[in-house]
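See below for the structure under consideration.
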Amino acid sequence: MTNFFNSTQPLRFDPEGEGLCFRHYNPDEVLMGKRMEDHLRFAVAYWHSFAWPGGDPFGDQTFDRPWFGGTINHAKRKADVAFDMFDILRVPYFCWHDADIRPEGKTFAKSQYNFEQIIEYFQFKMESGNTKLLWGTANMFSHRRFMSGAATNPDPDVFAWSAASVKLCLDATHKLNGENYVLWGGREGYETLLNTDLKRERQQMGRFLQMVVEYKHKIGFAGAILVEPKPQEPSKHQYDYDVATVYGFLKEFGLEHEVQMNIEQGHAILAGHSFEHELALAASLGILGSIDMNRNDYQSGWDTDQFPNNVPEVALAYYEVLRAGGFNKGGTNFDAKLRRQSLDPLDLIAAHAGAMDVCARGFKAAAELLSDGTLESMRASRYAGWETCAAKQMLQGDLESAAARVEVENIDPMPRSGQQEILENLVNRFV
Ligand code: XUL
Ligand code: CO
């Protein structure tokens, strides 16, 4: 135990409590036959909470953490504080990038040596603790060697470096019994089309993803490989633009049954969609894996990665997750960071505890809405015509036989209300 948080006493569930406690998140409460902890599967993002120094484009580091320093001892101290926080929050999972957890070495071998020491340290801490690994990933966007992409780089040596990075991180994720492995391609895109061979870059990226999947099978990693879509930022355009685009990409490279999605709230908004749209689409395509829960500032138009605090939005998102049958290997990763003025250890705890409560409220509302059944029965009745034999047969037939029905059956379709306001009022009763 470190003394960063003063106490590592786990937060209790107390709806009427004063100070720091959960007012809505009760891990043991059973909803739809499952404990809330097992539904929501919360994870802490190591990068935002322990590695981010509090900078912005106009100012440097604001956080002064005792583990900032770049030695292996600093990295272990960081791990100690992280595991203290996992205990306080009672989160079942965490997530990392290689670059968050180990000091960068002068060579790949030195970075690997540092990384493996921390993975061993994690293993030791995980054996005696309650927090598991939701996913690992390789940071292939921060270091300048990746400035022109990782797998899509014009330099094949960077492709090889990226292969070595993913292999190392996938091996470590496997060793720690991680449930998923994520690829987010922040630099897999372009700054200008003028210097970009788009066809070649997409092919490199497709082959890279096939290699990752081949390797996953070779080592017997049972977790899911997840791609995280984002339309832009840091690149002007990113190839993994949104769920629909990634699905087309997966089909092109024969990976639609191998790879699923890690969908982030803020990325959905940047792509011009709602979070629930991206979730519903992924679910309908059978590729809904996991979620990165956060929110953007709706005025600033970029990825501010704030902790969620909008219950109705969160409820509609979890509604789609529940409608799809809930998480399997996936979970709710808080890909969210403190504001840079939130300096205190207490801010870190409050941010997560508050977000867990927001998610719990949203989740409970979603579970009640689904159990109530009205929304689903109204949706089903809108499509009831398609349940008739004639309608089903029409889809088996050709254009001419469908067209012939108009005359033969004397068809004259009557428009029906979409009932949007009635449905919105219904949702409002639950959120
Ligand atoms: C960046 C982002 C990443 C990924 C993991 O916007 O969301 O943190 O989640 O690389
Ligand atoms: Co993310």
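In each ligand, atom 1 is the first atom listed, and ligand 1 is the first ligand listed.
Taking the Co ion (ligand 2) as reference, E228 places its N/O/S atom OE2 nearest. Its N, O or S atom nearest to the Co ion (ligand 2) is what matters here, and for D335 that atom is OD2. Note on E264: its N/O/S atom closest to the Co ion (ligand 2) is OE1. Taking the N/O/S atoms of D292 in turn, the shortest distance to the Co ion (ligand 2) belongs to OD2.
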- Test side-chain contact (heavy atoms from CB on, under 4.5 Å) on K364 and L31 and set out the steps. CA-CA 8 Å; K364 280 191 242 184; L31 290 162; 3.8 Å; yes

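In summary, the atoms of ligand 1 found under 4.0 Å from a heavy atom of D292, numbered by their order in the structure, are 9 (O). Numbered from 1 in the order shown, with element, the atoms of ligand 1 that lie under 4.0 Å from a heavy atom of K230 read 6 (O). Within ligand 1, the atoms closer than 4.0 Å to a non-hydrogen atom of D303 are 6 (O), numbered from 1 in the order shown. When each atom of ligand 1 is checked for a heavy atom of W47 under 4.0 Å away, the hits are 8 (O).
Counted by atom type alone, N262 and N180 present zero donor-acceptor pairs between their side chains at under 3.5 Å. Judged purely by distance below 3.5 Å, without hydrogens or angles, the side chains of Q419 and S417 never pair a donor atom with an acceptor atom. No side-chain donor from either of H237 and E191 sits under 3.5 Å from a side-chain acceptor of the other.
Within the structure, ligand 1 lacks V182 among the residues with a heavy atom less than 4.0 angstrom away.
How far CG of L226 is from CG of N333: 11.0 Å, rounded to the nearest 0.5 Å. In this structure, NZ on K125 lies 10.5 Å from CZ on F94, to the nearest 0.5 angstrom.
Taking the six-membered ring for Trp and thresholds of 30 and 60 degrees, H273 and H277 have nearly parallel ring planes, at less than 30 degrees apart. Ring pair F50/F86 is perpendicular by interplanar angle, where above 60° counts as perpendicular and below 30° as parallel.
At a heavy-atom distance under 4.0 Å, no atom of N333 approaches ligand 1. Contacts of N262 with ligand 1, taken as heavy-atom pairs under 4.0 Å, are absent altogether. For E233, no heavy-atom contact with ligand 1 is shorter than 4.0 Å.
The closest heavy-atom contact to atom 8 (O) of ligand 1, among the options D335, T137, L270, comes from D335.
Looking only at protein heavy atoms, the nearest one to atom 5 (C) of ligand 1 is H97 NE2, 3.3 Å. Distance from atom 9 (O) of ligand 1 to its nearest protein heavy atom, with residue and atom name: E228 OE1, 2.7 Å.
Side-chain atoms of D197 come within 3.5 Å of backbone atoms of R200 as a donor-acceptor pair (strictly under, hydrogens ignored).
The pair E104-K110 does not count as a salt bridge, with every side-chain nitrogen at least 4.0 angstrom from each carboxylate oxygen.
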